[in-house]
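All remarks here apply to the structure that follows.
Residue numbers start from 1 in every chain, and the chains themselves are labelled A, B, ... in the order their sequence lines are given, proteins ahead of strands.
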Amino acid sequence: MCNQAADPEILLAWYDIHARDLPWRVPPGADLRADPYAVWLSEVMLQQTTVAAVRKYFLDFTDRWPTVSDLAAADDDAVMAAWAGLGYYARARNLLKCARVVARDLDGRFPDTEAGLRDLPGIGPYTAAAIAAIAFERPATVLDGNVERVMARIHAVEAPLPGAKETLRGLAAALTPAARPGDYAQAVMDLGATICTPRNPACGICPWRQPCRARDLGIAETLPRKTPKAAKPVRRGIVYFAQRSDGAVLLERRPDKGLLGGMLGLPGGPWAEGEIVAAPPLEADWQITAGAVRHTFTHFHLILDVAMAPVDEGIEALTGRFFTPEEAGPDDLPTVMRKAYQFAAGQHRPSKVPKTDIA
DNA sequence: GATCCGTGGAT
DNA sequence: TATCCAAGGAT
């Protein structure tokens with residue numbers, strides 16, 4: 001009943017042995033300074049995104065753009081294409097903005113304080129604290145989904161998120177040590193990712209099992225509680241796949257704001273509940289496959305009709321321009337557009353279309 | 001504070 | 001199949 005308080009040093013000792021091997025991470029005890037650029041890039045990529053998904057993007061980015069100044073000098077289109085498939089595309093736009101501020105105004109060096117970092121595009125409270133702690137050894141309080149879950153459990157906080165967030169932040173701050181704050185931040189997140197998982201937490205091997213109040217109460221797996229989310233509505237839309245005999249396909253750059261902002265996509269109309277209304281981008285013999293692509297975004301389901309037509313070379317479109325496969329292909333598009341592109345192209349090569357992508 | 005913004009894996 | 005969820009930020 002009288003639990004001892006959770007001890008950061010016990011967690012650090014666990015981390016010294018069990019730290020995950022991640023490409024952007026300096027292992028504990030290596031006595032090396034983490035590269036702020038690598039920390040920043042990885043943390044932005046990891047926002048609401050799994051380690052498994054980030055890994056190859058991080059390696060690709062650091063291979064092509066080894067420093068923040070290299071990234072700042074990159075073409076927007078190249079960066080957006082490299083980000084394609086990772087999601088939350090505002091991150092890529094802000095990544096470039098941030099890199100250019102750092103390269104141009106800060107001599108290529110990231111600010112070494114939480115407040116200084118927080119002022120940069122795409123860096124919010126979490127990312128500022130993470131970079132300050134991991135790259136600059138500042139005792140910043142890192143509060144992400146992992147830390148929220150671990151704090152809610154060891155303190156048995158039953159109030160639901162997001163309302164309980166500031167309570168959890170206070171508990172996390174009280175526990176943050178002055179020594180090894182970077183390792184500590186990564187240790188709590190590793191713990192949440194590998195032991196104190198949302199479902200089936202491995203309490204039996206948890207270094208903090210002794211002080212964990214939720215474990216005592218038998219409610220660890222039920223925490224943190226969350227207020228229910230609204231159901232996703234179904235929206236419908238259409239995209240137009242116009243292809244020339246040389247293989248070039250009509251694509252358009254989407255506006256910076258809004259869904260899939262700044263990314264290339266197939267032209268089409270707005271996506272909405274109810275009837276589909278969208279004029280084709282050019283006159284052609286359109287063949288429509290209804291409901292060809294289904295895709296679920298954060299807050300709605302999409303059923304997308306795909307219209308296809310062969311067109312003559314030299315034809316002019318009302319929007320966008322024709323891209324040869326060498327200029328831009330499905331891999332350069334956000335996933336829903338990649339599905340539509342591959343569906344249409346796959347009418348000639350069915351093996352290219354994954355079965356699960358098609359209604 | 002509420003809403004918008006992607007994706008893929010696990011269950 | 002449906003739902004949840006992940007190292008969140010901007011508005």
On the nucleotide C:dA6, are OP1 or OP2 found under 4.0 Å from the side-chain N or O atoms that A:Lys226 carries? yes
Check the surroundings of atom CG in A:Asp31: do more than 12 heavy atoms from other residues, nucleotides or ligands lie under 6.0 Å from it? no
Approximate separation, where rounding is to 0.5 Å, of A:Leu318 CG and A:Glu252 CD: 10.5 Å
Rounded interatomic separation in angstrom, taking CH2 from A:Trp83 and P from B:dC5: 18 Å
When you measure from the side-chain N and O atoms of A:Gln47 to the phosphate of C:dG8, is any distance below 4.0 Å, counting only OP1 and OP2? no
Please give me the minimum heavy-atom distance between A:Phe322 and A:Glu327, naming the atom from each residue. O-OE1, 3.8 Å
Whole angstroms only, please: what is the CE-P distance between A:Met337 and B:dG6? 11 Å
Nucleotide nearest A:Thr298 when distance is taken to its side chain, options C:dA6, B:dC5, C:dA10: B:dC5
Ring centres under 6.0 Å, that's the criterion: do A:Phe297 and A:Phe300 meet it? yes
Can you pull out the residues from residues 127-145 of chain A that lie within a 4.0 Å heavy-atom distance of DNA chain C? A:Thr127, A:Asp144, A:Gly145
Grouping ILVMFWY residues whenever side-chain heavy atoms fall under 4.5 Å, the cluster of A:Leu32 otherwise contains A:Val26
For a quick check, tell me whether the side chain of A:Tyr126 and the base of C:dG8 share a donor-acceptor pair closer than 3.5 Å. no
Of A:Ile123 and A:Glu43, the one whose closest nucleotide on DNA chain C sits nearer the 5' end is A:Glu43
d(A:Phe110 CZ, A:Cys98 SG) to nearest 0.5 Å is 5.0 Å
Respond yes when some side-chain nitrogen or oxygen of A:Tyr88 is under 4.0 Å from OP1 or OP2 of B:dC4, and no when none is. no
Rounded off to whole Å, could you give me the OH-to-C1' distance for the A:Tyr57 and B:dT7 pair? 9 Å
Shortest non-hydrogen pair, A:Gly261 vs A:Tyr89, comes out as O-CB, 3.9 Å
Inter-nucleotide P distance (B:dG6, C:dT11), Å rounded: 14 Å
Can you tell me whether the side chain of A:Thr49 and the base of C:dG8 have a donor-acceptor pair closer than 3.5 Å? no
Let me know the distance between CZ of A:Arg254 and C1' of B:dC4, rounded to the nearest Å. 14 Å
Fellow cluster residues of A:Val277, listed by chain then number, with links counted only when side-chain atoms sit under 4.5 Å apart: none
Nearest whole angstrom, please: distance from the P of B:dT7 to the CG of A:Leu46. 17 Å
In whole Å, what is the span from the NE2 atom of A:His299 to the C1' atom of B:dA2? 13 Å
Between C1' on C:dA6 and CZ on A:Arg55, what's the gap in Å once rounded to a whole number? 15 Å
Suppose clustering is done on Ile, Leu, Val, Met, Phe, Trp and Tyr with side-chain heavy atoms closer than 4.5 Å. Which residues sit in the same group as A:Val234? A:Ile303
Can you check nucleotides 8-11 of chain B for protein contacts, nitrogen or oxygen pairs under 3.5 Å, and list what you find?
| residue | atom | partner | partner atom | Å |
| --- | --- | --- | --- | --- |
| B:dG8 | OP1 | A:Arg338 | NH2 | 3.4 |

What is the distance, rounded to the nearest whole Å, between atom CZ of A:Arg294 and atom C1' of C:dT1? 12 Å
Complementary nucleotide of B:dC5, counting Watson-Crick and G-U pairs under 3.5 Å: C:dG8
For A:Tyr184, the other hydrophobic cluster members (4.5 Å side-chain criterion, sorted by chain and number) are A:Ile10, A:Leu11, A:Leu12, A:Trp14, A:Tyr15, A:Tyr126, A:Val142, A:Leu143, A:Val147, A:Val150, A:Met151, A:Ile154, A:Val157, A:Leu161, A:Leu168, A:Leu171, A:Leu175, A:Val188, A:Met189, A:Leu191, A:Ile195, A:Ile205, A:Trp208
Of A:Leu260 and A:Pro162, the one whose nearest nucleotide on DNA chain B sits closer to the 5' end is A:Pro162
Between A:Arg149 and C:dA6, is there a side-chain N or O to OP1/OP2 distance below 4.0 Å? yes
